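Please read all numbers here as calculations on a predicted model, not as lab measurements.
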Amino acid sequence: MGKKALLTGVVAVAHAVKMADVDVIASYPIRPYTGVMSELARMIADGELDAEMIRAEGEHSQLSIAYGASAAGARTFVGSSGVGVTYAYEVYSPISGARLPVQMMIADRTLDPPGDFGSEHTDALCCRDQGWLMGWAETPQEALDMCLVYYRAGEDPQVSLPQYACQDGYFVSHITGEVAIPDPAQVREFLPPFRPVRVLDPAKPIAVGPQIEPSMGPPLQYQRYLAMQESRRVLTEAYEEFAGIFGRRYAPLVEAFLADDAEVLLVTSGAHTATARNVVQKLRGLGEKIGLLKLRSIRPFPDRELAAACDGAKVVGVLDNDAAFGISGGGGVLYTEVCTALQGGGLGDRELLGFVAGLGGEVISREEFYWMAQVMLDRARRGPVAASGKRESGGDAGLMARENWKKTFWLPFDMEAGEGAA
Amino acid sequence: MSVVNHGGGAPAGSAGPGGQDRWKTPFAGDAEAPVGENERMITGGWRIVRPVVDTKACTNCLICWIYCPDACIVRFEEYVDVNYKYCKGCGICTRVCPVLCITDVPELDFAD
Amino acid sequence: MTEATLAEIRSFRRVPLEELYVPGHRTCAGCGPAMIYRLVLKASGRNTILVGPTGCMYVANTSYGCSPWEVPWIHAQITNGGGVGAGIEAAYQVLLRKKKRTGEFPNIIVMAGDGGAADIGLQSLSAAMYRDHDFLYICYDNEAYANTGIQVSPTTPWGAWTTFTPAGPEVPMGHKIWPKDLARMIAAGHPDVKYVATASLAFPLDLLNKVRRGLNTRGAAFVHIQAPCPKGWVFPANMTVDVAKAAVETGMWLLYEISARKHRVTYQPKQRKPVQEYLSMMGRFDHLVPEHIARIQSWADLRCREAGFAPAGSLEQLE
């Protein structure tokens with residue numbers, strides 16, 4: 001039943017790609033994702049994997065090759081980082097629009113400037129609305145498992161959508177973790193061969209991607225919308241079956257940690273969650289009612305699951321490892337998403353805070369997480385805004401003051417400036 | 001090609017605005033391959049002039065047939081004729097005919 | 001490409017009767033690229049997969065969600081015909097090898113315009129040629145971005161009017177850059193490409209056979225076909241064949257093929273005519289004055305010399 005090994009995130013994914021018996025791989029070098037392709041090239045050279053590996057001349061062509069190959073019935077794999085991810089941008093919508101379940105591994109890297117190898121989720125989040133599934137793995141094990149789950153869910157005929165399987169550059173891609181490499185028979189049981197909804201075949205001719213008239217626009221976009229909605233169910237079922245076969249159980253969309261009775265919740269995604277979890281545990285030990293919610297899936301965004309998990313919390317803070325200049329709220333992408341997800345839950349009773357941190361690949365330190373926690377706990381102690389819109393104590397003046405409270409913070413600047421105290 | 005409500009949830013067969021059955025839009029907008037002709041783009045109405053073949057004079061040399069951009073020259077045993085359902089009236093056949101057996105006649109000269 | 005070799009076609013009567021590019025498409029009356037599309041499919045037959053990068057032959061053929069092709073076709077972006085063709089090729093190679101599918105390897109043909117081949121899609125084309133994928137890339141060259149309303153492309157001739165290069169008192173010649181020579185660029189810079197040819201719709205048997213030779217090649221092949229455009233070049237719709245023929249007879253379009261790195265002129269006019277005869281057939285050159293025409297004549301003479309043609313008007317003297 002499989003074996004254990006110390007693997008980096010990129011090598012772990014290469015093992016998953018091999019076991020998924022991927023047919024066409026298109027590569028182009030950019031750090032930090034490159035290692036997955038080096039490992040796959042080695043596997044092919046050593047006869048461990050039979051796949052066509054095309055050394056493309058850029059990320060745009062990687063995705064173009066995958067588009068053609070997937071349409072011809074191949075299981076495909078590509079990947080990139082940073083500006084490589086954005087260079088291929090044109091091809092993302094045609095791939096999801098043609099409903100081709102291409103998988104792209106992203107090991108995050110900052111966009112330029114700054115010229116920087118560091119991890120930052122901005123690259124992948126730029127592509128969040130292109131009709132692809134998207135989620136982050138926190139460890140090499142999760143990266144391996146996510147690759148398999150995403151092929152399974154993306155290729156489900158009710159979904160038939162491509163997938164961005166993301167991992168933080170360096171923190172996951174280059175740091176080894178213990179990984180249980182599944183047995184090939186388990187993978188075969190979990191992941192059936194790719195059965196495309198339709199395929200380019202002279203025996204069954206069709207035209208893929210014709211021009212349309214405007215009246216066909218709404219239903220075509222609606223198809224993608226419905227497929228993305230449907231992916232919630234398919235992902236959930238896939239993770240359930242995954243647990244049965246592999247013995248590793250994941251919360252499919254949102255993973256809760258000490259969240260049940262928490263008054264204060266921090267929402268995270270990706271590798272920094274490990275540090276956050278550690279800090280939350282410490283604070284719990286000190287008697288603070290704090291918990292953590294990790295978003296495993298960003299697309300589809302788990303609105304309902306998140307809202308349910310936040311029920312009862314007084315303050316929800318959102319960690320954003322992305323730069324979104326000029327965005328509503330002044331935080332990051334996830335902050336605005338969480339605000340939208342929770343708006344039905346009674347914003348008047350709950351404070352939503354955004355923390356932008358770790359940009360450029362800087363480690364988000366425990367000290368920073370402690371500071372975020374203190375800001376959230378402080379707000380919780382000051383009490384909720386009543387449903388009437390007025391604070392329970394302090395009257396109009398208090399409300400005015402409360403409305404002026406800062407909602408979003410850029411670290412480390414606001415921390416060093418002592419902005420946390422309202 | 002499947003005509004389906006991929007993604008589920010859509011009420012099958014319910015017509016959308018404008019009477020069009022939007023729910024039944026093909027998967028990803030794929031188009032069926034035609035058989036013999038594409039009736040969703042009938043172009044005969046574009047014609048201003050109609051190429052008329054003097055079938056008795058036609059030598060069946062096939063020069064007009066090879067050059068027609070619209071595959072509208074119809075071949076018979078001893079002569080060719082024109083598929084007016086799609087012929088756009090470009091006049092290339094008339095122009096390349098070596099025995100001048102095709103004539104461009106203004107469409108307004110015809111009753112139909 | 002296919003297992004079976006496609007035979008040479010020696011007469012119009014031997015040209016396949018089967019129409020795989022059927023009547024019913026929104027291309028303009030007298031469209032050169034449409035004529036080429038039909039001939040290409042007659043050459044390739046039913047065991048074909050088409051890739052259509054954005055351009056006239058995408059927009060005008062698939063309008064309103066329909067298809068005029070009896071073979072499978074997939075849209076590519078204007079940028080990535082080479083990559084998409086490469087992906088289909090790779091998929092068929094590996095799926096047949098791994099026995100995940102059965103049947104014959106298909107003819108994979110990318111039908112790109114000059115914008116998709118020589119301009120924004122050049123990188124994708126070059127890389128696919130360099131990697132020697134087993135497919136045929138055809139550029140139907142109407143010497144402008146015609147679908148968007150006749151804008152200059154890298155193959156637009158010097159002196160041509162387009163909506164981006166209008167002639168006026170300050171710019172009397174209109175377009176003032178000499179065109180890229182795409183076929184020679186592919187042949188010179190891609191050592192693994194086995195077959196490169198140019199073709200003209202005025203020479204249909206030559207065109208059909210060059211397409212077949214390209215398809216018979218194991219590996220990447222490229223055929224560059226001049227495609228007169230009545231709307232973009234401003235000539236009457238019934239003159240498409242005449243204009244294409246005049247381009248060849250004046251040396252403005254050269255017919256050759258490069259097979260196994262051997263260059264062969266496939267047709268040269270017995271007595272090359274002055275370029276004036278070609279230029280005067282089209283409105284896009286209306287504004288040119290004699291000195292402009294003399295420059296174009298020199299350019300044509302130079303290219304003919306480089307291609308190994310006899311000097312203008314001298315072939316009979318040589319014989």
Novice: Tell me which of these, C/Trp69, C/Tyr58, C/Tyr92, has more heavy-atom pairs under 4.5 Å with chain A than the rest.
Specialist: C/Tyr58
Novice: To the nearest 0.5 Å, what is the distance between NE2 on A/His60 and CG on C/Asn80?
Specialist: 5.0 Å
Novice: If I compare all heavy atoms of C/Arg97 with all of A/Asp50, which pair ends up nearest, and what's the gap?
Specialist: NH2-OD1, 2.6 Å
Novice: For a side chain to side chain contact (heavy atoms under 4.5 Å, CB included) check, start with the C-alpha distance between C/Ile88 and A/Tyr67, then their side-chain angles and the critical distance, and finish with the verdict.
Specialist: CA-CA 8 Å; C/Ile88 296 169; A/Tyr67 169 87; over 6 Å; no
Novice: Kindly compute the distance separating CD (A/Glu52) from CD (C/Gln93), expressed to the nearest 0.5 Å.
Specialist: 6.0 Å
Novice: Considering non-hydrogen atoms only, spot the tightest contact between A/Glu90 and C/Thr79 and give its length.
Specialist: OE1-OG1, 2.6 Å
Novice: As an exercise: rank A/Ala51, A/Ala26, A/Gly58 by heavy-atom pairs under 4.5 Å with chain C and give me the winner.
Specialist: A/Ala51
Novice: C/Arg131 versus A/Ile54: any side-chain heavy-atom pair under 4.5 Å?
Specialist: yes
Novice: Could you grab the distance from atom OG of C/Ser67 to atom CD1 of A/Ile206, nearest 0.5 Å is fine?
Specialist: 9.5 Å
Novice: Count the heavy-atom pairs under 4.5 Å between each of A/Ala56, A/Gly209, A/Ala71, A/Ser64 and chain C, then report the option with the highest count.
Specialist: A/Ser64
Novice: Please examine the side chains of A/Pro94 and C/His75, heavy atoms only from C-beta on, and report whether any two atoms are closer than 4.5 Å.
Specialist: no
Novice: Sequence neighbours left out, what passes salt bridge (Lys or Arg N to Asp or Glu O under 4.0 Å) with C/Arg184? Give chain and number order.
Specialist: C/Asp181, C/Glu306
Novice: Just checking heavy atoms, which of residues 34-49 of chain A are less than 4.5 Å from chain C?
Specialist: none
Novice: Should we say atom NZ of C/Lys98 is surrounded by more than 12 heavy atoms from elsewhere, each under 6.0 Å from it?
Specialist: yes
Novice: Look up atom CD1 in C/Ile74 and atom CG in A/Leu200, then write down how far apart they are to the nearest 0.5 Å.
Specialist: 4.5 Å
Novice: Give a yes or no on this: more than 12 heavy atoms of other residues, nucleotides or ligands lie within 6.0 Å of atom CZ of A/Arg31.
Specialist: no
Novice: Say you draw a straight line from OG of C/Ser124 to CD of A/Glu57; how long is it, rounded to the nearest 0.5 Å?
Specialist: 5.5 Å
Novice: Under the side-chain hydrogen bond (donor to acceptor under 3.5 Å, both in side chains) test, which residues partner A/Arg55, sequence neighbours left out?
Specialist: none
Novice: Under 4.5 Å, counting heavy-atom pairs only, tell me which of C/Glu89, C/Lys100, C/Arg46, C/Glu70 racks up the most with chain A.
Specialist: C/Lys100
Novice: Quick check on C/Val71 against chain A: is it the side chain, the backbone, both or neither that has a heavy atom closer than 4.5 Å?
Specialist: backbone
Novice: Counting only N and O atoms by type, is there a donor-acceptor contact under 3.5 Å from the side chain of A/Ser61 to the main-chain atoms of C/Gly83?
Specialist: no
Novice: Taking the side chain as every heavy atom from C-beta outward, state whether A/Phe194 and C/Leu95 have any pair of such atoms under 4.5 Å apart.
Specialist: no
Novice: Which residues pass the salt bridge (Lys or Arg N to Asp or Glu O under 4.0 Å) test with C/Glu143, not counting sequence neighbours?
Specialist: C/Arg284
Novice: Specify the closest pair of heavy atoms between C/Asn47 and A/Pro202, including all atoms of both residues, with the distance to one decimal.
Specialist: OD1-CG, 3.5 Å
Novice: Just so I know, are the side chains of A/Gln211 and C/Tyr64 near enough to count as touching, which here means a heavy-atom distance under 4.5 Å?
Specialist: no
Novice: Check this for me: A/Tyr225, atom OH, are more than 12 non-hydrogen atoms of other residues, nucleotides or ligands nearer than 6.0 Å?
Specialist: no
